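Structure, as structure tokens:
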Amino acid sequence: MDTQQKKPIGIFDSGVGGLTVVRAMMELLPSESFVYLGDTANLPYGEKSAEMVRQYAFHNARFLQEFDIKVMVVACNTASSVALTDLQQAFDFPVIGVIEPAAKEAIKVSSSKKIGVIGTKRTIRTQMYTHKIHEIEPQATVVGKACPLFVPLIEEGFLHHEAMTLIAREYLVPLRGKIDTLILGCTHYPLIRDTIQSLLPEVHLVDSAYSTARELRQLLLERGWLSPSLTPSRLFYATDITEHLNTLARMILPEMPFLTFEEVRLASTPVV
Ligand code: DGL
């Protein structure tokens with residue numbers, strides 16, 4: 001076996017939301033081993049400054065590098081928005097973010113090229129989705145909408161609560177008639193996909209988790225790095241383990257009912 005094939009994939013997010021990417025990976029790439037890191041001590045990234053998120057992203061990447069990974073996936077939209085290029089330049093393994101795969105897919109499925117993007121405040125402020133979409137399709141119209149209350153409501157387990165419907169209506173109704181495709185530009189949003197779809201029934205939803213898993217599969221295929229393993233290993237680390245962390249994680253990944261996180265403290269040396 002090629003040595004690269006055997007190596008795990010590193011994947012990080014600000015919390016457990018990135019498990020939506022893991023879920024897609026397990027479906028499309030069931031033989032791959034991976035190491036997941038949720039930087040729960042510093043969640044939410046979406047409310048932090050770009051420089052702070054960049055620092056966190058480097059600490060996470062250095063931790064994953066220790067596992068001799070073949071590829072790193074930045075599952076967090078906020079970290080992908082502010083730090084992807086710097087990470088790609090700093091490490092010698094390929095680094096995939098969630099922005100480009102979702103942007104490409106949105107352009108492919110949108111017939112009017114009127115595309116909406118929802119995400120955290122930081123993700124929307126960077127306009128990375130808009131830049132990526134325009135790089136590929138300059139004529140596209142992109143409408144960005146920050147939805148900062150979705151993450152805390154989901155973290156609180158309020159997925160089907162009436163508060164969620166109320167907030168979702170406030171954020172999404174103004175998008176009606178303006179777009180035909182909407183990118184779920186945050187790890188947590190696939191978990192409220194049904195609520196979003198019910199408010200925008202005509203709109204095609206693009207899940208950045210699945211687009212990213214497909215892009216990862218393509219990269220592994222092209223390089224001949226797909227793992228043939230029948231017993232892949234899956235490791236889950238978090239920088240702070242709170243009471244409901246494992247519950248939330250198992251809710252996202254019901255196929256792993258015994259999923260437990262191990263706590264890890266990351267060095268806080270500043271990144272230059
Ligand atoms: N993981 C973040 C993202 O995808 C959402 C949670 C946070 O703000 O840290 O943007």
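Note that the numbering runs from 1 along the sequence shown for the chain. Every number for a ligand or one of its atoms is a count from 1 in the order of the listing. Owing to the predicted nature of the structure, the values given are computational and were not obtained by experimental measurement.
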Q. When the aromatic ring centroids of F261 and Y237 are compared, is their separation below 6.0 Å?
A. no
Q) In chain order, what residues pass the side-chain contact (heavy atoms from CB on, under 4.5 Å) check against M256, with sequence neighbours excluded? A) M26, R234, F236, L253, L259
Q.
Side chains of S110 and D180 only: does a donor on one sit below 3.5 Å from an acceptor on the other?
A. yes
Q) Should the pair E105-R214 be classified as a salt bridge under the 4.0 Å nitrogen-to-oxygen rule? A) yes
Ligand 1 polar-atom proximity to protein (N/O, under 3.5 Å):
from	atom 1	to	atom 2	distance (Å)
ligand 1	1 (N)	D13	OD1	2.7
ligand 1	1 (N)	S14	OG	3.0
ligand 1	1 (N)	T187	OG1	3.0
ligand 1	4 (O)	N77	N	3.0
ligand 1	4 (O)	N77	ND2	3.4
ligand 1	4 (O)	T187	N	3.0
ligand 1	4 (O)	T187	OG1	3.2
ligand 1	8 (O)	Y45	N	3.3
ligand 1	8 (O)	G46	N	2.8
ligand 1	9 (O)	S14	OG	2.6
ligand 1	9 (O)	Y45	N	2.6
ligand 1	10 (O)	T78	N	3.2
ligand 1	10 (O)	T78	OG1	2.6

Q) Can you say whether the rings of F93 and F91 are parallel (under 30°), tilted (30 to 60°) or perpendicular (over 60°)? A) parallel
Q) Between R265 and E263, is there a side-chain N and carboxylate O pair less than 4.0 Å apart? A) yes
